[in-house]
Amino acid sequence: MKDTIRKLVREAVETAMRKGALPPEAVDSFAVEVTRAKEPRFGDYATNAALVLAARAGMNPREVAGILTDNLSRGDVIEKAEVAGPGFINFFLTSKVWRDVLYSIHHARERYGHADPMNGPKVLLEFVSANPTGPLHVGHGRGAAVGDTLARLLKARGYRVETEYYVNDAGNQMRILGRSVLFRFRELRGETISFPDDHYRGSYIADLASEIMGTQLAEDLLSMTEEQAVDAVGRFACRRILDGIQNDLDFFGVSYDSYFSERTLYEHDKVAQTVEELRRRGRAEEKDGAIWFSMDSAEDDKDRVLVRATGEPTYFAADAAYHLDKLGRGYDLLIDIWGSDHHGYVPRVRAAIEALGYSPNALKVILVQFVTLVREGKKLSMSTRSGEFITLRDVLDEVGPDAARFFFLTKRADSHLDFDMDLAKKQSRDNPVYYVQYAHARVSSIFRIAAERGIDADLTDPDITALTLPEEQRLIKHLADYPDVLAEAAESVEPHRITFYLMDLAELFHAYYHDNRVLLEDPVVKKARLYLVEAVRLVVANGLRILGVAAPERM
RNA sequence: GCGCCCGUAGCUCAGCCGGAUAGAGCAACGGACUUCUAAUCCGUAGGUCACAGGUUCGAAUCCUGUCGGGCGUGCCA
């Protein structure tokens, strides 16, 4: 809708310019901004175009606004355009526009608000990518909800999206994992071990160790060197933990197009090649026995080690190789979703990408802030040191995937999230998940009751002019916003906007439902109202589908 | 020390690519169920947008500084 109006404003600007009413240089590169009107008396939409243009044209804003409205082609879209305040132009749209909104929702259904399929940019969206050294925690869950939703949102808007999970199954931490399990295994066999502080202490480590007991692997370990044993146990543990992670993600409703193993980067010599490429481009050099990536001071504050003096590449080197590999696969854009504790890492990776000959803008990083679990009003401490923490699975088992997903998306990604366990389980207004789902269930219920009672619920040729109530108009106008919300959420990569939109829609619907009956005697009003509430149901279902949350027909 | 993010109602948060009178939910208080689900609705109250400057016709929004919170600043990942 905003696009339509934007176009009309732009045309008005061009027309006025051609007539000489506006100086041409004023409007060269000018983005028309259209917003939803805040209040009914300001119409339906507004633009600040005249205010912006006035400064450049050296004219009075209200005068510019007048010129624009004079040159505006109203067509069958705009009923009235008036200049208001300091120079806003307020647009009142025709009733035909609002009628068409309902028609197009019923026509497009689950594709309402979606863009023409698959002609947008090719995007690789990487998210979660938790190390396979332990179960997923709640923060990973938030990243998963944001990533998975974003994937569907971008697809809905025509981006060609693929999702990937980067598995850090190489290097030092795999050795630590292997040793952690191996030590527990030896303890089980009666040896006394002094367990190192920096090793993984969670109970799942001991579980893995006891799983090894009595297997072929247990026997094979006896004849291996220490290094071989650590490697073998590490691979076993990694496999098992990754299985667990995939299981949890599956339960959460999250799936990937691909998993990418860090180990394969080494097996195919990609890390060394990347370091070599950086050397060739003069961006890496040896110093103190190590190989350093030389940073432009504009990019980051210091040089970073790529290959340690021991000859072992750093995580950074592997990550540079990984991003090079991703870019080499022909994507227009890489989106990475990271925990915000990695934010210092962004300039580094971006600099590496640029040094390897790609635009630094080819990488967009979304930083997801931490989640604090709250129960009975108290924050639950997340002790990572002991390895005993509340896992994503624990939360999913307690509140269910729908509530968890929705809650993870009730805040902007970069803001701290307090996850209230009690609230997530509550079945009332306080709980936004139920509130939105209930709107869907209520509409479904109307049609169910109609069917049960033999009431005619046919929707052909509704007379929408029968929807005369102000709250009906408000509902329709909110439904009209949905495509703009999706477009803006996709463009700004902010999936939480959908959540907020749905809560607003549910609120409007519940109030309408409360005050007005749909299944009336009057066949014309009844049909029109059925047509309206079904449109509400379709949009709620549409939005929940993008969030990956169920839209139940009864609750 | 330096860098990044944050500071909006008692609480949890929207709004932040400058625009018209700063919004919502919860909690508090007061109301509404013979109706298609009360898992709902209606009303009241609640604010120096951390603070101080600056830019602008106009600042919660942009810039600078101060204070407070989080994170980062490894030849860790």
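Please read all numbers here as calculations on a predicted model, not as lab measurements.
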Between F419(A) and F408(A), ring centroids under 6.0 Å: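 Yes, they do, as the ring centres are separated by less than 6.0 Å.
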
Once side-chain hydrogen bond (donor to acceptor under 3.5 Å, both in side chains) is applied, do any residues pair with R36(A), and if so which ones, sequence neighbours excluded?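 Testing R36(A) for side-chain hydrogen bond (donor to acceptor under 3.5 Å, both in side chains), a comparison that skips the adjacent residues, returns D481(A).
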
Considering residues at least two apart in sequence or located in another chain, which fulfil the side-chain hydrogen bond (donor to acceptor under 3.5 Å, both in side chains) criterion with E164(A)?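 With neighbours one apart ignored, the set is S258(A), Y322(A), R329(A).
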
Please work out if [X] contacts a base, only the sugar-phosphate, or nothing of the nucleic acid, heavy-atom cut-off 4.0 Å.
X	answer
S415(A)	sugar-phosphate
D422(A)	nothing
L519(A)	base
K426(A)	nothing
A54(A)	nothing

Using the [atom1] atoms only, state how far [M] lies from [N], rounded to an integer number of Å.
N	M	atom1	answer
C33(B)	G18(B)	P	50 Å
A45(B)	C63(B)	C1'	38 Å
C29(B)	U66(B)	P	44 Å
C16(B)	U8(B)	C1'	11 Å
A28(B)	A20(B)	C1'	32 Å
C6(B)	C49(B)	C1'	14 Å
A27(B)	A50(B)	P	26 Å
C17(B)	G7(B)	P	14 Å

Could you pull out all residues at least two apart from [X] that satisfy salt bridge (charged side-chain N to carboxylate O under 4.0 Å, His left out)?
X	value
D319(A)	none
E39(A)	R41(A)
D198(A)	none

Kindly write out the residues that satisfy ring-ring contact (aromatic ring centres under 6.0 Å, His included) with Y435(A), not counting sequence neighbours, or none if the list is empty.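 H510(A).
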
Report the residues that fulfil ring-ring contact (aromatic ring centres under 6.0 Å, His included) with F406(A), sequence neighbours left out, ordered by chain and then residue number.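 Partners of F406(A) by the ring-ring contact (aromatic ring centres under 6.0 Å, His included) criterion come out as none, since no residue qualifies.
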
Restricting to side chain to side chain contact (heavy atoms under 4.5 Å, CB included), what partner residues turn up for A317(A), sequence neighbours left out?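 A317(A): side chain to side chain contact (heavy atoms under 4.5 Å, CB included) contacts with V271(A), V275(A), L306(A), P313(A), T314(A).
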
Distance-only donor-acceptor hits, side chain of residues 339-350 of chain A, under 3.5 Å, sequence neighbours excluded:
from    : atom 1 : to      : atom 2 : distance (Å)
S340(A) : OG     : Q369(A) : OE1    : 3.2
R350(A) : NE     : P360(A) : O      : 3.2
R350(A) : NH2    : L363(A) : O      : 2.7

Under 3.5 Å for both distances, Watson-Crick or G-U wobble, that's the pair rule; now give the dot-bracket for RNA chain B, with | marking pairs to another strand and [ ] for crossing ones. (((((((..((((.....[...)))).(((((.......))))).....(((((..]....))))))))))))....

Under 4.0 Å: is that the gap between some side-chain N or O of R348(A) and OP1 or OP2 of C76(B)?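 Answer is no, no contact under 4.0 Å.
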
Nucleotides 2-12 of chain B: which of its N/O atoms have a protein N/O under 3.5 Å away?
from  : atom 1 : to      : atom 2 : distance (Å)
G3(B) : N2     : H343(A) : NE2    : 3.1

Identify the pairs formed between an N or O of the protein and an N or O of nucleotides 40-42 of chain B at a distance under 3.5 Å, and give each distance.
from   : atom 1 : to      : atom 2 : distance (Å)
U40(B) : OP1    : R429(A) : N      : 2.5
U40(B) : OP2    : R429(A) : N      : 2.7
U40(B) : O2'    : R442(A) : NH1    : 3.0
C41(B) : OP1    : Y435(A) : OH     : 2.3
C41(B) : OP2    : R429(A) : NE     : 3.2
C41(B) : O2'    : H514(A) : ND1    : 3.1

Would you find a donor on one side and an acceptor on the other, under 3.5 Å apart, between the side chain of E472(A) and the backbone of L469(A)?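 Side chain of E472(A) to backbone of L469(A), a donor-acceptor pair under 3.5 Å: yes, one is there.
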
Determine yes or no for a side-chain-to-main-chain donor-acceptor pair under 3.5 angstrom, with R304(A) supplying the side chain and W292(A) the backbone.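 No, the answer is negative, given that no donor and acceptor are paired below the 3.5 Å cut-off.
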
